[in-house]
Peer 1: 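One structure, as structure tokens, below. Some questions next.
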Amino acid sequence: MDNEIVLPDHLKGIEKIYIDRSMQKVPLTERVLSRMPDLPVEVVDPENFPHGELGGKQSLYLKEYKGKFLRFCPGTRYYHCCGYRIIHIGEGCPMACSYCILQAYFQDNVLKVWANQNDLFDELGKAFSADISTRYRVGTGEFTDSLALEAVTGYSRDLVEFLGDYPNVCLELKSKIIDLSWMDVVKRTDRLLPAWSLNAPFVNEHEEFGVSTLKERLEAARTCAEAGFRVCLHFDPIIRFDGWREGYAEIIDMIFDYVKPEQIAYFSLGSFRHMPHLKPIIEQNFPETTYIFDEFITGNDNKMRLLRPLRLRQFKFIVDRLRKHGMDKQLYFCMESTENWQDVFGYTPKDLGGLGKHLMKQAFND
Ligand code: SF4
């Protein structure tokens with residue numbers, strides 16, 4: 001049956017598969033090869049990977065990863081960070097969003113997947129069973145999109161199945177595409193949070209390429225909600241453009257045509273921010289993009305962020321509209337100061353018992 005898989009459009013640009021010599025016989029490699037049977041394959045030694053010879057061609061690299069699979073999200077001490085843990089399953093994304101931070105991290109067009117899943121499961125098993133009273137809120141969408149490669153790797157499905165034995169872990173699968181193939185292996189719907197990033201229709205149309213439509217994402221969210229899951233939604237990055245009020249109002253109103261507030265575990269809001277060296281990369285990769293010329297200042301974390309009054313104006317508008325639809329304590333900021341929390345929400349993370357603790361409660365539906 002695997003051979004009959006029809007590749008989704010966002011995976012049709014992959015031209016070649018590279019496999020670490022040590023990963024030729026592992027289950028993940030066998031699965032990928034069975035699902036992409038027509039692509040040329042090259043077995044490599046990692047030290048000889050032909051980085052300079054790819055000429056921008058997109059390839060999939062099934063790699064033996066030697067580092068830590070379970071990590072802390074790289075927040076900073078200056079702003080309130082949500083305390084999320086990352087399960088590192090690979091790097092790179094076949095879709096193309098103009099604002100994507102991954103452009104600054106990974107200049108080549110190589111989609112890397114850590115094929116030594118046994119090592120990953122060993123490490124996670126030890127961490128999660130060491131003290132079952134310790135709870136974890138984890139996700140995979142930090143250096144990749146959680147589900148972008150799912151059609152060929154089945155990685156999230158494997159992970160979901162594995163985590164079924166760890167009720168102290170709540171997994172968020174964050175994506176901009178639709179793939180619900182992991183659903184049938186979920187043991188507890190209250191330990192899995194399907195999540196989609198959304199944006200104003202203008203941003204979706206002009207700045208996100210190869211991704212699903214907003215309607216498709218919301219239809220998928222509704223399917224999950226009807227199946228008993230709570231979903232997570234994210235507005236990140238919030239961008240300023242002519243007509244942003246109408247645009248964000250439209251997507252906010254649309255959300256509640258599909259899901260009810262109580263079906264949303266949490267909802268993050270993050271203003272567009274970037275390391276200074278991302279700007280020329282965006283200019284080069286997406287020459288029609290204009291929001292990078294907005295009015296930015298350098299934040300305490302050395303990232304460029306929109307001037308505070310402009311940022312707060314957007315946040316207040318969006319929060320106000322979301323509250324009118326019944327959203328409340330599910331809303332949080334990604335990387336904002338105590339003052340901004342107070343000004344927009346009227347309370348601070350401290351009032352919630354700390355952002356990390358608060359989101360843990362939201363995730364586990366305490
Ligand atoms: S879907 Fe996410 S990871 Fe992929 S390009 Fe867009 S922002 Fe980056």
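Numbering of ligands and ligand atoms starts at 1, following listing order. Source: prediction; values computed, not measured. Side-chain atoms are counted along with the backbone in the values below, which use heavy atoms only and exclude waters and symmetry mates.
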Peer 1: For atom 8 (Fe) of ligand 1, what's the nearest protein heavy atom and its distance?
Peer 2: Cys100 SG, 2.3 Å

Peer 1: Who's the nearest protein heavy-atom neighbour of atom 2 (Fe) of ligand 1, and how far?
Peer 2: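 Sorting protein heavy atoms by distance from atom 2 (Fe) of ligand 1 puts Lys176 NZ, 3.7 Å first.
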
Peer 1: Scan side-chain atoms only and decide if Thr213 and Glu216 contain a donor-acceptor pair under the 3.5 Å cut-off.
Peer 2: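 There is such a pair between these side chains.
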
Peer 1: Under a 4.0 angstrom heavy-atom cut-off, which atoms of ligand 1 come close to Cys97?
Peer 2: 1 (S), 5 (S), 6 (Fe), 7 (S)

Peer 1: Can you confirm whether the side chains of Tyr266 and Glu172 place a donor and an acceptor under 3.5 Å from each other?
Peer 2: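 Result is yes, a qualifying pair exists.
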
Peer 1: Should you measure from each heavy atom of Met95, which atoms of ligand 1 turn up under 4.0 Å away?
Peer 2: 1 (S), 5 (S)

Peer 1: With distance as the sole criterion, is a donor-acceptor pair present between the side chains of Thr348 and Gln342 under 3.5 Å?
Peer 2: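 Their side chains do not contain a donor-acceptor pair, so the 3.5 Å distance test is not met.
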
Peer 1: Do you know which of Leu171, Leu124, Val185 makes side chain to side chain contact (heavy atoms under 4.5 Å, CB included) with Phe162?
Peer 2: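 Answer after filtering Leu171, Leu124, Val185: Leu124.
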
Peer 1: Could you tell me whether any N, O or S atom belonging to Cys93 is less than 2.8 Å from atom 6 (Fe) of ligand 1?
Peer 2: no

Peer 1: Could you list the atoms of ligand 1 found under 4.0 angstrom from a heavy atom of Leu102?
Peer 2: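 Listed by number with element: 3 (S).
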
Peer 1: Give me the one residue out of Glu207, Glu208, His274 that meets side-chain hydrogen bond (donor to acceptor under 3.5 Å, both in side chains) with Tyr99.
Peer 2: Glu208

